[in-house]
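In what follows, chains are A, B, ... by sequence order, proteins preceding strands, each numbered from 1.
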There are 2 protein chains.
Amino acid sequence: MTPSKTHANPLFLRDEELRQAMELLFYAYRDFTAEPDAMLAKYGFGRAHHRVIYFVGRNPGITVSRLLAILKITKQSLSRVLGRLLREDFIVQRTDRVDRRRRLLFLTAKGEELERLLTDRQAKRIARAYRQAGAEAVEGFRTVLRGIINEDDRSRLAARPERR
Amino acid sequence: MTPSKTHANPLFLRDEELRQAMELLFYAYRDFTAEPDAMLAKYGFGRAHHRVIYFVGRNPGITVSRLLAILKITKQSLSRVLGRLLREDFIVQRTDRVDRRRRLLFLTAKGEELERLLTDRQAKRIARAYRQAGAEAVEGFRTVLRGIINEDDRSRLAARPERR
DNA sequence: AAATTAAGTCAGCTTTATTGACATAATTGA
DNA sequence: TCAATTATGTCAATAAAGCTGACTTAATTT
């Protein structure tokens with residue numbers, strides 16, 4: 001299947017190592033999103049709806065512009081997805097008391113239910129991988145992923161979870 | 001930003017830990033793909049073209065059906081992307097001598113050049129993260145990601161690179 | 001000879017994203 | 001106070017990337 005497994009090139013291991021990392025990321029993300037995608041299809045939703053539901057659930061009262069910065073998509077792209085989630089009562093918005101230009105977003109009970117449904121499957125997948133890999137590997141996983149993420153967004157993610 | 005940091009729920013840390021993992025994956029994949037996406041746009045290509053170029057480059061002589069199994073998309077979706085890469089001479093196909101139903105796919109010089117251009121940026125991002133994190137963290141990263149990937153596709157990815 | 005496999009193609013559809021322009025309301029700064 | 005900026009929302013037009021289902025051709029396998 002994979003050709004040229006010769007060690008003629010002294011950089012082989014390094015290149016091979018990096019390519020494996022890229023493939024691990026690709027396969028992991030592919031499988032990580034496949035289950036929720038299939039469930040969302042039953043609602044006529046796509047992955048974008050999931051992302052919005054997830055981040056609103058995670059950050060109740062988040063603003064539209066904050067959401068845009070997280071998702072890194074355009075306002076128009078978000079607008080269609082968010083608009084539908086609002087119309088179909090998965091999300092509600094409330095005007096911010098302090099800055100009345102802002103619309104704060106919250107999940108409804110219905111939205112929370114769907115969020116749980118989708119996230120639970122993914123959480124189980126992660127939990128299984130974490131359990132199998134052990135605490136040390138988990139720290140490594142987190143450290144490397146944080147290194148892959150652009151500097152400016154790393155702050156949002158704690159270096160290590162508080163010990164329990 | 002993030003609300004309800006109370007420890008009322010005894011499962012809080014576990015849930016928090018899993019959500020952080022999901023977010024790490026999301027942000028890492030988002031930033032990992034953003035650079036190539038921007039470069040591809042100059043060619044009028046999208047991420048799908050990159051994936052095809054990458055996997056053909058990685059597995060010269062790969063068949064169409066093998067590619068479909070890796071990407072987990074439909075033949076029609078691949079067809080549009082692959083067709084264009086063939087027409088624009090980034091990829092060539094050669095009929096397999098043994099089984100003449102099969103079309104083996106290869107990058108052209110032009111295809112290889114684009115592949116390198118795209119992959120180099122991503123490789124640098126990974127290399128930087130690997131360097132900063134250290135060998136032990138890298139092993140953990142690999143172990144956890146492998147655990148996230150569906151059983152049936154794990155075989156394609158070696159557990160340890162140096163054991164080749 | 002029949003069944004299966006590999007590849008390709010047709011038509012029609014949806015989701016998710018893009019750009020650019022513009023509108024409204026509210027807040028901030030000179 | 002008035003101008004500039006910010007937050008949100010909306011218009012129209014476009015493209016990428018995926019989907020289903022049906023069908024064909026050629027080659028191989030049973």
Under 3.5 Å, which N/O atoms of the protein pair with N/O atoms of nucleotides 7-11 of chain C?
from  : atom 1 : to       : atom 2 : distance (Å)
C/dA7 : OP1    : B/Val64  : N      : 3.4
C/dA7 : OP1    : B/Arg103 : N      : 3.4
C/dA7 : OP2    : B/Ser65  : N      : 2.7
C/dA7 : OP2    : B/Ser65  : OG     : 2.8
C/dA7 : N7     : B/Lys75  : NZ     : 3.2
C/dG8 : OP1    : B/Gln93  : OE1    : 3.2
C/dG8 : OP1    : B/Gln93  : NE2    : 3.1
C/dG8 : N7     : B/Lys75  : NZ     : 2.8
C/dG8 : O6     : B/Lys75  : NZ     : 2.5
C/dT9 : O4     : B/Gln76  : NE2    : 2.7

Nucleotide D/dT8, atom C1' - distance to CG of A/Leu67 in whole Å
13 Å

Ranking C/dT18, C/dA26, D/dT28 by distance to the side chain of B/Asp99, first place goes to D/dT28

Please give, in whole Å, the distance from D/dT20 P to A/Asp37 CG?
12 Å

Could you tell me how the ring of A/Tyr27 sits relative to the ring of B/Phe55: parallel (under 30°), tilted (30 to 60°) or perpendicular (over 60°)?
tilted

Is it true that A/Glu115 and B/Arg19 make a salt bridge, defined as a side-chain N closer than 4.0 Å to a carboxylate O?
yes

Side chains of B/Gln20 and A/Arg142 only: does a donor on one sit below 3.5 Å from an acceptor on the other?
yes

Are OP1 or OP2 of D/dC19 and a side-chain N or O of B/Thr74 less than 4.0 angstrom apart?
yes

Nucleotide D/dA27, atom C1' - distance to CZ of B/Arg97 in whole Å:
17 Å

Length of the line joining B/Leu78:CG and D/dA16:C1', which is rounded to integer Å
14 Å

Pair A/Phe90 and A/Phe45, ring centroids less than 6.0 Å apart
yes

Looking for any heavy atom pair under 4.0 Å, which part of the strands does A/Val52 touch: base, sugar-phosphate only, or nothing?
nothing

To the nearest angstrom, the CG-C1' distance between A/Leu68 and C/dA17 comes to 13 Å

When rounded to whole Å, the CZ to P distance for the pair A/Arg80 and D/dT14 reads 15 Å

Against B/Arg103, only a single residue in B/Thr95, B/Ile62, B/Leu82 fulfils side-chain contact (heavy atoms from CB on, under 4.5 Å); can you say which?
B/Thr95

Check: A/Thr63 side chain, A/Arg102 main-chain N or O, donor-acceptor pair, under 3.5 Å
no

Could you tell me how far apart A/Ile91 (CD1) and D/dT8 (P) are, to the nearest whole angstrom?
14 Å

Test: salt bridge (charged side-chain N to carboxylate O under 4.0 Å, His left out). Region: residues 36-54 of chain B. Which pairs qualify, not counting sequence neighbours?
B/Asp37-B/Arg47

Under 4.0 Å between a side-chain nitrogen and a carboxylate oxygen: does that hold for B/Glu113 and B/Lys110?
no

Could you tell me how far apart A/Arg94 (CZ) and D/dA7 (P) are, to the nearest whole angstrom?
19 Å

Could you tell me whether a side-chain N or O of A/Glu136 sits under 3.5 Å from a main-chain N or O of B/Gly140, the two making a donor and an acceptor?
no

Near-strand residues of residues 39-51 of chain A, defined as heavy-atom separation under 4.0 angstrom from DNA chain D:
none

